[in-house]
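One structure is given below, encoded as structure tokens.
All chains are named by letter (A, B, ...) in the order of the sequence lines, taking the proteins before the strands, and each is independently numbered beginning at 1. Because the structure is a prediction, the values reported are computed rather than measured.
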There are 2 protein chains.
Amino acid sequence: MKPALTRRQQEVYDFLREQAADLHPSPSLEELCRAMDLNSRGSLHKHIRALVEAGLVEPMSRGRGIRLAAGADAPGHLPFLGYIAAGRPIEAVVDPREVEIPAWLRGARPCYVLEVRGESMVDEGILDGDRVVVESRDHARNGEIVVALVDDREATLKRIEQRPGKTVLHPANAAMAPLEFAPERVAVQGVVTGLLRSYR
Amino acid sequence: MKPALTRRQQEVYDFLREQAADLHPSPSLEELCRAMDLNSRGSLHKHIRALVEAGLVEPMSRGRGIRLAAGADAPGHLPFLGYIAAGRPIEAVVDPREVEIPAWLRGARPCYVLEVRGESMVDEGILDGDRVVVESRDHARNGEIVVALVDDREATLKRIEQRPGKTVLHPANAAMAPLEFAPERVAVQGVVTGLLRSYR
DNA sequence: CACCGTTGTTCTCCTTTCGTTCTCTCCGGT
DNA sequence: ACCGGAGAGAACGAAAGGAGAACAACGGTG
């Protein structure tokens, strides 16, 4: 019972997540229409209904807008898969712990948590010991921070730039230079959607 | 048991939270009417009754006042109190929403959430738009990042260094110099215990 | 005490909004 | 052609939101 989202349904869902992450109140159908550049509530309603059946959105009831499903996709915890450092493969952690992650930091697809080792992204505000929420994806948009696997050996955390004929991985550290690869050598494993840091 | 608030009910509830946060006395129905731009007490009373049934507001007594119920915070959530412009100005207005925060980012005492404005802490990995979890405290250890109130006017986010005779607030931005004050002029409001960032 | 204004409460009546369903059209792909 | 995704628009019923009147319980003033 998981018919997979269509293009527009995905757009609507992404927009709802954005809104929620920005602390906006649940929009009504009409507000959503305006935001999505639609002129018909009926059309939007079809998409919402699809999302409800997919378990991603709570069934609407009168007057309280459209809210993301809290129960279905929010066990509140994500698996902690290990550590990631520039230049080395991901160190898988033996004991599969789980980390509590708020819903507004998660992506649409399944997510997991990695802990950052090293200083390769300090200029982007990602420090040693930070935990990043990674959304499992095999593609990325330019400018996103990705977990990239180079030559099936080295997993790194970098900002990605895909250009015709080459893929550039930008570290965010003045002491390191951007790395260029043939596109075939770089496999995107996931995209960073959130970051958490504990002081203590 | 938990019918979820409707649109207007949420507005009324938010307004009451603002009032309470600013030490205003419990308003009467008519005062609330004027504040909410309503012409009828009866209409407002419907919303209040809904809030009472939701357990968010204490039942009114004939004397005077609409009081918030104690301990109505959702579990796993912390109040979002507004913005802290880490540059110079005062702490900003109250925006009484709640943010989901994992337990492992919270401190021992009551906590709240602020959103960071400005670049004064970039070298510590705190960027514009990040949300910080602040534990309410009136003292700090050296090296902790604190919300400090200087001369009862300016709230800033800085790393604190307390030395005999003077208190130094260190911004983490190469373009800004540390600020030195007499200890009496600096009041610690809270200590940063966690940080969250959403990418997208 | 009777008088008055205030405050909480309940009740009708009305308008607006919202979710829902329906039909019809358009476009792109196999 | 066929089909499914996507949008427009109309229409309906139910709920939300609001206005206003009416009423009981107080608190003061004369």
N/O donor-acceptor pairs under 3.5 Å from side chains in residues 175-183 of chain A, not counting sequence neighbours:
unit_1    : atom_1 : unit_2    : atom_2 : d
Glu180(A) : OE1    : Lys166(A) : NZ     : 3.4
Glu180(A) : OE2    : Lys166(A) : NZ     : 3.4

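Val191(B) and His139(B) get closest at one heavy-atom pair: CG2-O, 3.9 Å.
Checking dG8(C), dT21(C), dT10(C) against the side-chain heavy atoms of Arg49(A) singles out dT21(C) as nearest.
Between the CG atom of Leu44(B) and the C1' atom of dG18(D) there is a distance of 10 Å, given to the nearest Å. The distance from atom CD of Glu53(B) to atom P of dA16(D) is 12 Å, rounded to the nearest whole Å. Distance CD (Glu30(A)) to P (dA10(D)): 13 Å, rounded to an integer number of Å. Here the C1' atom of nucleotide dA19(D) and the CG atom of Leu29(B) are 15 Å apart, to the nearest Å. Atom CG of Asn39(B) is separated from atom P of dA19(D) by 4 Å (rounded to the nearest Å). The distance between atom CG of Leu32(B) and atom C1' of dT9(C), rounded to the nearest whole Å, is 16 Å. Atom CD1 in Ile48(B) sits roughly 11 Å away from atom C1' in dG8(C) (whole-Å rounding).
Of the candidates Glu124(B), Lys158(B), Glu161(B), His170(B) forms a side chain to side chain donor-acceptor pair (under 3.5 Å) with just one, namely Glu161(B). A side chain to side chain donor-acceptor pair (under 3.5 Å) with Tyr13(B) holds for exactly one of Arg17(B), Gln9(B), Gln10(B); it is Arg17(B).
With contacts defined as side-chain heavy-atom distances shorter than 4.5 Å, the pair Val192(A)/Val146(A) does not qualify. Within the 4.5 Å cutoff, the side chain of Leu127(B) has heavy atoms near those of the Val122(B) side chain.
Judged by atom type and distance alone, Ser40(A) reaches the base of dG9(D) through a side-chain donor-acceptor pair under 3.5 Å. Judged by atom type and distance alone, Arg41(A) reaches the base of dG19(C) through a side-chain donor-acceptor pair under 3.5 Å.
Salt-bridge formation is detected for the pair Glu115(B)/Arg117(B): a Lys NZ or Arg NE/NH1/NH2 atom is positioned less than 4.0 Å from an Asp or Glu carboxylate oxygen.
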Distances under 3.5 Å between protein N/O atoms and the N/O atoms of nucleotides 4-6 of chain D, please, pair by pair.
unit_1 : atom_1 : unit_2  : atom_2 : d
dA6(D) : OP1    : Thr6(A) : OG1    : 3.4
dA6(D) : OP1    : Arg8(A) : N      : 2.9
dA6(D) : OP2    : Thr6(A) : OG1    : 2.7

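Between His45(A) and dT20(C) there is a side-chain polar atom (N or O) within less than 4.0 angstrom of OP1 or OP2.
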